[in-house]
Amino acid sequence: MRPVMRAGNGRQGAYGWVVEKRQFKEWLADRNSMEAGNMDKFRFVILGAGKITGKFCEAVSLVENCEICAVASKSMERAALVAGKHGIPRYYDNYEEMLEAEKPDGAYIAVTPNDHCRLSLMCIRHKVPVLCEKAMLQDSREAQEVFRAGKENGVFVMEAMWSRFLPAVRKVREWVAQGRIGTPQIAQCMIGFAAPQGKENRFFNPQLGGGAAKDITVYAYEITDYILQQEAQKMEVSVTWGETGVDVTNHISIQYTHTLADLLTTFAANLDGKMVIYGKKGKIELPGPHVASESFLYDEKGELTEHFTDEETKNGFTYEIEEMLCCVREGRLESQIVPWKDTIECAKLFDRIGATFSS
């Protein structure tokens with residue numbers, strides 16, 4: 001079906017992936033042009049029309065030299081609603097037709113996890129850089145397939161693990177790296193809420209990739225791994241399964257090189273969401289680790305020595321968008337903050353969780 005035009009004409013070209021093929025001098029000239037404020041806007045398309053697209057649209061509006069040129073959904077009505085609400089020029093009811101017609105610089109995948117792999121591969125085939133919502137892949141097979149395709153086609157791919165970019169999270173990582181509490185001995189991370197009941201919703205429907213692992217365990221694991229910067233030596237997993245066949249509660253114990261980490265996530269109850277890291281010289285507290293806006297550093301006597309408050313962030317998604325733009329325009333295939341290997345390791349954790357299921 002033809003796209004519905006709302007206003008204006010989109011620019012053609014896909015600067016983000018062509019730059020990788022240019023000679024250095026041409027790339028340098030383009031970079032200098034960007035710094036001079038003359039670079040063409042980076043043109044995003046959105047695949048999916050769920051609630052999360054609203055936060056992404058707002059974030060794009062806050063990023064310089066960036067815009068959304070089109071949105072697609074399996075439902076033309078939903079796509080039209082998102083386009084109208086956020087001033088997106090065109091909308092489609094076919095993802096591939098949108099990619100072919102728009103030739104965007106990047107794609108944001110905002111559907112449920114069950115379709116992340118298929119749409120990521122579709123974007124890669126069209127040479128369109130990918131920013132895909134977490135959990136990006138459902139298992140290690142999907143992860144290996146997507147990143148192999150990204151490498152073979154020379155296309156940037158990144159999981160939208162926005163929490164790693166939050167200033168409060170990065171401050172905790174800095175404190176740990178500086179040895180402010182000594183070598184971390186124990187790390188505890190809890191994230192949980194009483195999810196809305198319903199066999200067909202995204203939380204409990206296995207056909208949509210439901211379950212605590214791909215909704216919140218992904219946060220607990222990838223934030224912990226990012227902060228500690230250690231190799232995992234051993235892992236043990238315990239899971240409570242729900243009536244619909246999705247994991248409801250995850251308990252994961254990870255023995256890192258120097259630190260024992262304990263992760264607890266659940267859809268069954270409202271937990272006091274926080275992360276605490278203990279060392280011989282003190283402890284660090286990170287409230288609401290996946291949405292953190294502050295962090296606390298205590299000495300060995302339990303006295304507060306530093307309180308970091310994030311007073312700059314307006315929309316946490318802006319950081320991952322800026323990271324993608326930077327990587328694509330510099331011709332990189334992956335982010336150093338959310339590298340492929342970390343998304344693959346998280347997918348392997350999903351394998352472990354899935355292996356505990358007994359039908």
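Numbers here are sequence positions counted from 1.
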Checklist entry - Does a side chain donor of either T217 or T265 reach within less than 3.5 Å of an acceptor in the other side chain? => result yes
Side-chain touch [X]/[Y], heavy atoms, less than 4.5 angstrom:
{"X": "R43", "Y": "E67", "value": "yes"}
{"X": "M76", "Y": "Y91", "value": "yes"}
{"X": "T356", "Y": "S238", "value": "no"}
{"X": "C132", "Y": "V157", "value": "no"}
{"X": "V45", "Y": "C69", "value": "yes"}
{"X": "V63", "Y": "F42", "value": "no"}
{"X": "V146", "Y": "L137", "value": "yes"}
{"X": "F56", "Y": "I46", "value": "yes"}

Closest contact, heavy atoms only, [X] versus [Y]:
{"X": "G150", "Y": "L333", "value": "O-CD1, 4.3 Å"}
{"X": "E102", "Y": "R90", "value": "OE2-NE, 2.7 Å"}
{"X": "C66", "Y": "V60", "value": "SG-CG1, 3.7 Å"}
{"X": "C57", "Y": "I68", "value": "SG-CD1, 3.5 Å"}
{"X": "S295", "Y": "A168", "value": "OG-O, 3.6 Å"}
{"X": "G245", "Y": "F357", "value": "CA-CE1, 4.2 Å"}

Between the main-chain N or O of [Y] and the side-chain N or O of [X], is there a donor-acceptor pair closer than 3.5 Å?
{"X": "T249", "Y": "T266", "result": "no"}
{"X": "N201", "Y": "P196", "result": "yes"}
{"X": "S163", "Y": "H290", "result": "yes"}
{"X": "T244", "Y": "F204", "result": "yes"}

Item to check | Contacts of E145 that satisfy side-chain hydrogen bond (donor to acceptor under 3.5 Å, both in side chains) - sequence neighbours left out | outcome: R141
Item to check | Set of side-chain hydrogen bond (donor to acceptor under 3.5 Å, both in side chains) partners for D215, sequence neighbours left out | outcome: R202
Between atom [atom1] of [X] and atom [atom2] of [Y], what is the distance when rounded to the nearest 0.5 Å?
{"X": "K214", "Y": "Q138", "atom1": "NZ", "atom2": "CD", "value": "5.0 Å"}
{"X": "E345", "Y": "D351", "atom1": "CD", "atom2": "CG", "value": "10.5 Å"}
{"X": "Q230", "Y": "T224", "atom1": "CD", "atom2": "OG1", "value": "11.0 Å"}
{"X": "H251", "Y": "M190", "atom1": "NE2", "atom2": "CE", "value": "10.5 Å"}
{"X": "E303", "Y": "Y298", "atom1": "CD", "atom2": "OH", "value": "11.5 Å"}

Going hydrophobic residue to hydrophobic residue with side-chain gaps under 4.5 angstrom, can you get from [X] over to [Y]?
{"X": "L349", "Y": "L260", "answer": "no"}
{"X": "L208", "Y": "V218", "answer": "no"}
{"X": "V338", "Y": "V291", "answer": "yes"}
{"X": "Y219", "Y": "F193", "answer": "yes"}
{"X": "F165", "Y": "I52", "answer": "yes"}

Under the ring pair (Phe, Tyr, Trp, His ring centres under 6.0 Å) test, which residues partner [X], sequence neighbours left out?
{"X": "W340", "value": "F147"}
{"X": "Y256", "value": "none"}
{"X": "H307", "value": "F296"}

Checklist entry - Run the side chain to side chain contact (heavy atoms under 4.5 Å, CB included) check on Q229 and V176 step by step: do they pass? => result CA-CA 9 Å; Q229 304 179 68; V176 169; 5.6 Å; no
Near [X] [atom1], under 6.0 Å, is it more than 12 heavy atoms from other residues, nucleotides or ligands?
{"X": "E243", "atom1": "CD", "result": "no"}
{"X": "E100", "atom1": "CD", "result": "yes"}
{"X": "Q233", "atom1": "CD", "result": "yes"}

Partners of [X] by side chain to side chain contact (heavy atoms under 4.5 Å, CB included), sequence neighbours excluded?
{"X": "K234", "result": "E236, Q255"}
{"X": "E200", "result": "N205"}
{"X": "T305", "result": "L297, D299"}

Checklist entry - If you measure from the Lys or Arg side-chain nitrogens to the Asp or Glu carboxylate oxygens, is any gap between E330 and R332 under 4.0 Å? => result yes
Item to check | Pair E58 + K55: basic N to acidic O under 4.0 Å | outcome: no
Next on the checklist: Checking L286 against V169 for the side chain to side chain contact (heavy atoms under 4.5 Å, CB included) test, could you report, in this order, the C-alpha distance in whole Å, the side-chain angles of both residues, the deciding distance, and whether it holds?
Outcome noted: CA-CA 8 Å; L286 181 67; V169 172; 4.1 Å; yes
Next on the checklist: Under the salt bridge (Lys or Arg N to Asp or Glu O under 4.0 Å) definition, can you give me all pairs with a residue in residues 248-270, not counting sequence neighbours?
Outcome noted: none
Checklist entry - Under the salt bridge (charged side-chain N to carboxylate O under 4.0 Å, His left out) criterion, do R180 and E306 qualify, and how do the steps go? => result CA-CA 11 Å; R180 299 289 295 275; E306 193 168 337; 3.0 Å; yes
Distance-only check: which donor-acceptor pairs under 3.5 Å involve side-chain atoms of residues 272-279, not counting sequence neighbours?
none

Would you mind writing out the side-chain donor-acceptor pairs for residues 318-325 within the sub-3.5 Å range, not counting sequence neighbours?
{"from": "T318", "atom 1": "OG1", "to": "N315", "atom 2": "O", "distance (Å)": "2.9"}
{"from": "Y319", "atom 1": "OH", "to": "T313", "atom 2": "OG1", "distance (Å)": "2.5"}
{"from": "E320", "atom 1": "OE1", "to": "W162", "atom 2": "N", "distance (Å)": "3.4"}
{"from": "E323", "atom 1": "OE2", "to": "S335", "atom 2": "OG", "distance (Å)": "2.6"}

Next on the checklist: Applying side chain to side chain contact (heavy atoms under 4.5 Å, CB included) to F308 and V172, what does each step give before you reach the verdict?
Outcome noted: CA-CA 9 Å; F308 174 82; V172 171; over 6 Å; no
Item to check | Verdict with supporting geometry, V82 and K85, side chain to side chain contact (heavy atoms under 4.5 Å, CB included) | outcome: CA-CA 5 Å; V82 170; K85 183 176 182 179; 5.9 Å; no
Checklist outcome for this item: Checking K127, H126, R148, R125 against N153 for side chain to side chain donor-acceptor pair (under 3.5 Å), the one that qualifies is K127
Item to check | side chain to side chain donor-acceptor pair (under 3.5 Å) contacts touching residues 106-121 (sequence neighbours left out) | outcome: Y108-E133, T112-N114, D115-R118
